[in-house]
Structure formats: C-alpha cells, structure tokens
2 protein chains.
Amino acid sequence: MIERRHLHTLTTLRDSGSLIEAAQRLHLTQSALSHQLKDLEQRLNLQLFVRKSRPLRFTTAGQRLLALADSVLPQFRQTERELLRLSQGETGRLHIAIECHSCFQWLMPAIDAFRDHWPDVEMDLASGFNFAPLPALTRGDLDLVVTSNPQSLPGISYIPLFSYEVLLAVSHRHPLAESTFIQAQDLAAETLISYPVERERLDIFTQLLDPAGIEPAAIRTAELTVMMLQLVASGRGVCALPNWALAEHSDKRFIRALPLGEKGIWTTLYAAVREDQLEMSFMRDFLGIAKDICFSSLTGVRPASKTV
Amino acid sequence: MIERRHLHTLTTLRDSGSLIEAAQRLHLTQSALSHQLKDLEQRLNLQLFVRKSRPLRFTTAGQRLLALADSVLPQFRQTERELLRLSQGETGRLHIAIECHSCFQWLMPAIDAFRDHWPDVEMDLASGFNFAPLPALTRGDLDLVVTSNPQSLPGISYIPLFSYEVLLAVSHRHPLAESTFIQAQDLAAETLISYPVERERLDIFTQLLDPAGIEPAAIRTAELTVMMLQLVASGRGVCALPNWALAEHSDKRFIRALPLGEKGIWTTLYAAVREDQLEMSFMRDFLGIAKDICFSSLTGVRPASKTV
DNA sequence: CTTAGACTTGAATCAAACTCATAAAATTAA
DNA sequence: TTAATTTTATGAGTTTGATTCAAGTCTAAG
C-alpha cells in the first residue's frame, strides 16, 4: 500500500537531493528514510531511485510515484486547510438556492451585509430553478434553501424567517377592485400571471384554486415582479404576490391588493439548513442578518416562530 | 494528518451504511473503525458523520473528506496497478525520439514488429525535432533516443545499433562522379543539400568540412530523403546520406555515391536509454528487434559493439 | 591507502493501530 | 411501553510496523 507518507518522503527527497537532508527536513533520522524506502521498494518489487549518484536520480517507477505525489499531496493539504478553518468556524461555504422567486429583493442586501462580516465564507446564490433544491441540500451541494414548503427530511432543519400574506394584485379599474376579499370562483374568468415555475410551488394554486377545483381562464408567465405588475396595471390579468413584494413595487394609484379567501393566505418562509451547519457561527449570523433585513426593509411581514 | 487509510474507511462507510458492515469489508473489527474515526474527528476537531441515524449521514466536513477521497483514491489505485505491471515487466512506456532523420525507414517496421509482441506497452514516436531529446530522456519525458552523438550523461546508457558509412551522393554527370573519394575542398564550390537540422548534427560538417575549415558554396534543405535525391539527380546539388538510405532510395543509373575522405566517414548509431529501463524485458526486446530489422533490411551497415 | 560523507542493516524501542471483551445506545419487535 | 436485537463506544491488552540507535558498508576524494 502506497501511503501519503511515502509520497511526502519522495518529494522531499527530490527537493533535497540526499537522504540525509530529506531526513532533516522531515524531522526523521536518515535511517528511518532508508528503511521506509527499502520497504516500499521491496513491496513494489521495483527500484525507485538510484542512490549511487549525486544528485540522486529517480527511476521510471520513482518518477511515476512523484507524479502521483504532485497530483495528490496538494489536495490533501488543501482539504486539511479547509477543515482547519471549518473547525475554527472562521470559514465555510454558503451556497444558497431560493424557491421563492421574489426573494431576491431581500436576499441580495442580506448577502451583501453578510459578506462584510465573513469575507472568507464562499458565497453562491443558485438562480437556476431546474433542479430540486432540498435533495441537493441533503447531498451537500447546497447549504441553505429558502422555501415555503418545509418537508421533513433527515438532517435538515427549517428555520422560520417570517410570515407574509399572499395578495391578489388587480388593476384599480378591475371589477374585483372594490371587493373586500377574493374567492376562488372569482378567478375562473381571469388571466393569471405568475412566475414561470411549477404550480406546486405557487400558493395561489395549492391553497386556493386547487382545493376549490377552479382553474383560471388563462395563465401567462413573467420573470420579473415589475413586469407582472405592469401587466396587471394595464388590465391584462391578475397576479398573486407576497404583500411585501407588492408594497415595494406597485403603484397604489393603479393597483389594488386583495386578500385571498376570507382569512387571507398567510405563508411562512423558512431557511432550510443541514443540522450540522446550523451550529456554525457564520450560519447563525447569516440567519440573524437575513431576519433583521427582512423585518426592517419589508413592509407587512410578521415574525414566525414555529420551528419545524 | 489525514491518511489514505482514513479516506478508504470513509468511502466504504458511505458504501455500506454502517460501521459494522464497513468493518467487514475492510477486514477489520468494528472497534477498530470506531477508534480510528473517533481519533480522526478529535484531531480535526470536527464531526465527520452523524451516527444516530440510519442510513448514517455525513456532515459538511465528512462530505469534504469524501470529495478528497473520490479524487485521490482512484489515483493511488491507478498508479499501483501501473507499478505492478511495471514490476512484472509486462508493460511500460516507450516514447522514442530520433535525431537521425533517415531513421524512419527502419524504425517504423521495428515499431510495428514490437507492437505485436508487446501490445500493452504505450508507444510514441516524437517527430518534432525542436527540443533537445537527451535532457528529455533524463527527465523521463522520453524513453529512447536514437542518436549518433553519445554524450556521457548520468543514468543514460548508449546501446550501439549499427555502424554505417556516410556517402556523398552526386549526379552521375557531376565532375566528381568518377572520383574514388571526396575531399573537403571538393565541396567548396558545391551546393550542399541537407535535412533542416542544426549543422552540429550533420556528420559531413562535424567530421569533414568543419575540421578542414571549408564551407560549401550554398546550402539548401529538404525534408525527405527522396526529395534530396531528386535534387541531386537533376544536378542541383550534392548531399551526404547514410549508405543504407542511399541504397534504398537512389537510382544507380543517375546517382553516384562516394566516400568522404580517404577512409570514409563511419558513424555508429546508438539507442540512448535510461539505465533502469535497460533491464526491462520489453526494452531489451525492442533493442533486439530493432537490430534484427536493421541488419536484415538495410544494406551496407555493420555491427558495432562498443558500448558507451 | 586513508578518510570523510552518505547510505544500509539488524536489533531494540516505541507509538500507533488493532483486537477483545464489555458497556452503552439506538433501533426494532412485541 | 418493554424486551430483544443491532449498532456503536470504550478501556485494556496485544500486535504491528515505523522509528531510532549503533555499527557496518560503500563511494569518492585526497
């Protein structure tokens, strides 16, 4: 079995040119190296270097092992460095994915604030939505997923961020504009504008329309919140959005925001995190910053405390 | 220090899902694994996996180590396989470079014959001549160099292949055509055609012209032996070539081949090989095949026995 | 031929890794 | 829930193998 030790010996031997000096650098006796290399050569049944020559030369086999060492040793050292910093809580990785499309609005400032505190944490925000984020979180490809549908998974904790109400945005000229709240059947004749994601992720379907068995007359999609509201203002359809997203982007003169159902649809947004990462200081800090930013910059959100 | 052993343990732990099964696969006791992992975790000051769960889960740190393992372990195994085959002499690498331009003629059939015997030896023939082959041989980038200028280098052996005479090819109409041999001053008024390489590699310069301090009237180059002979036959110049190359390519009716100097210039071609490779069976076999092919297919060559 | 420097070798030492026996914890079945 | 079973942890003792020590061999230079 070739061990890391052997590779290390060979590289320092190459760097130093003699067993004696290599032994000094490795804080071993020269005898130890002699034994070690003789042993390896016997086990491989192969000579690794030519001793009787200055500077000493490596055989083909020795050169092959040096190639292995050059490829492999830096990787060992790199992960050791990373693990050391991990253990000291100085660093880590924070790859984030969001299921909630509007969340860019508060997540970006949160990430910016966080980066100031923790410059050594590697940040990433996955904007592609064509993969299931929660399995990726379990696997370790992601470290934090912002979701409103916590599903019990081993090793995953859901930290509540805040609760908000989903409202229906309609044009101020729209016949429904003066209603006190919206019922499912009101939407049967409407064009619904939504983000281009699966309908299972849209609360208006899962919580209002699907239970009532009602389908809107048409569905069209838009990528950006402002674009959706433009369409709504010009009477081209209606759309369901978080109250805070509406408060930020809509012009009160042209858009009315109405509760969905008698009691309104209230949703809680969670940060899904792997349990072992939850205790890391940078993770706690990120969650704190995120909540702070949400409550200070989003209007209409409520604290939510139920941990899942 | 993370050792190969640790990485192996972690991957089999991932594959088997429990310490007990992993221990069986590794031919160790479960206790050994428990100790080993506890040890590693303590040294890293980091938890690597969550025990109280089935199937067991790896923490971020554990996943980082698994990533290292996945990258590094296959490389260990690969070089171990290669070294095993190296030690059994079954395989190896034979990257060849030639300094002698005409040598393609016999080297190609030699390589073909060799490949039949040793299909697992990786062959390569470097045809680019823009690097110094002997240092590359020492470094291990090459394994065999065909050269006529053996220079003493540590760890390099020169195996004589054969001796040949360098002859001057002239047109049968040429004024020198009926001479018994050529003298340096005969060439002062001639156009010399040569391969496009440095003049230090051309015997006609190093052995005849430069010692006599004579320069040909003009020098022009050609890549291919047949092309050179075409030029000679049409009276556009003269060229020096190995007797065997001339015998193969020249038409006796139009070309005369004359010795250079009173005794002729005899050159020995060597295979330069790293000493440790010389003992390998495939290398000995290649050298044998090469000599056989040369003596059976080249006319005018002589054995040479002096080892350098 | 002698001598200094570099490597090898065998025996002794020591530490690390492993086993054994057993306890603790967790999971499953009743 | 308890009992039974499986899985993991732990401490003591053992084994392995890596290292040191001391003495010897080899090589190159004087």
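Throughout, protein chains are lettered first and strands after them, A, B, ... in sequence-line order, and every chain is numbered starting at 1. All values derive from a computational prediction rather than experimental measurement.
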- Query: Is there any salt bridge (Lys or Arg N to Asp or Glu O under 4.0 Å) pair reaching into residues 66-79 of chain B, and which pairs are they, with sequence neighbours excluded?
  - Reply: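 Applying salt bridge (Lys or Arg N to Asp or Glu O under 4.0 Å) to every pair that reaches into residues 66-79 of chain B, excluding sequence neighbours, yields Arg14(B)-Asp70(B).
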With a 3.5 Å cut-off and no angle check, do the side chains of [X] and [Y] form a donor-acceptor pair?
{"X": "Arg81(B)", "Y": "Gln78(B)", "result": "yes"}
{"X": "Arg274(A)", "Y": "Thr60(B)", "result": "yes"}
{"X": "Glu99(A)", "Y": "Asn149(A)", "result": "no"}
{"X": "Asp143(B)", "Y": "Gln277(B)", "result": "yes"}

Specify the separation, in whole Å, of atom [atom1] of [X] and atom [atom2] of [N].
{"X": "Ile2(A)", "N": "dA18(D)", "atom1": "CD1", "atom2": "P", "value": "14 Å"}
{"X": "His27(B)", "N": "dA17(C)", "atom1": "NE2", "atom2": "C1'", "value": "17 Å"}
{"X": "Met1(A)", "N": "dA17(C)", "atom1": "CE", "atom2": "P", "value": "15 Å"}
{"X": "Leu13(B)", "N": "dT7(D)", "atom1": "CG", "atom2": "P", "value": "13 Å"}

- Message: So, using side chain to side chain donor-acceptor pair (under 3.5 Å) as the criterion, who are the partners of Gln36(A) when residues are at least two apart?
- Response: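 Per chain and number, Gln36(A) pairs via side chain to side chain donor-acceptor pair (under 3.5 Å) with Thr9(A).
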Can you give me the N/O atom pairs linking the protein to nucleotides 9-11 of chain C at distances under 3.5 Å, or say none if there are none?
from	atom 1	to	atom 2	distance (Å)
dT9(C)	O4	Ser31(A)	OG	2.9
dG10(C)	O6	His35(A)	NE2	2.8

- Mind checking Leu33(A) for me? I need base, sugar-phosphate or nothing, with any heavy atom below 4.0 Å counting as a touch.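 No contact.
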- Message: At 4.0 Å (heavy atoms only), tell me whether Ile20(B) reaches a base, stays on the sugar-phosphate, or touches nothing.
- Response: base
- Task: Check whether any side-chain N or O of Arg51(B) sits under 4.0 Å from OP1 or OP2 of dA9(D), and answer yes or no.
- Result: yes
- Message: With a 4.0 Å limit, can you tell me whether Arg5(A) has a side-chain N or O closer than that to the phosphate oxygens OP1/OP2 of dA18(D)?
- Response: yes
- Sorted by chain and number, sequence neighbours left out, side chain to side chain contact (heavy atoms under 4.5 Å, CB included) with Gln30(B) holds for Leu19(B), Ile20(B), Ala23(B), Ser34(B)
- Message: Restricting to side chain to side chain contact (heavy atoms under 4.5 Å, CB included), what partner residues turn up for Gln75(A), sequence neighbours left out?
- Response: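 Checked Gln75(A) against side chain to side chain contact (heavy atoms under 4.5 Å, CB included); matches are Ser71(A), Leu68(B), Ser71(B), Val72(B), Gln75(B).
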Is there any protein nitrogen or oxygen under 3.5 Å from a nitrogen or oxygen in nucleotides 25-30 of chain D, and what are the pairs?
none

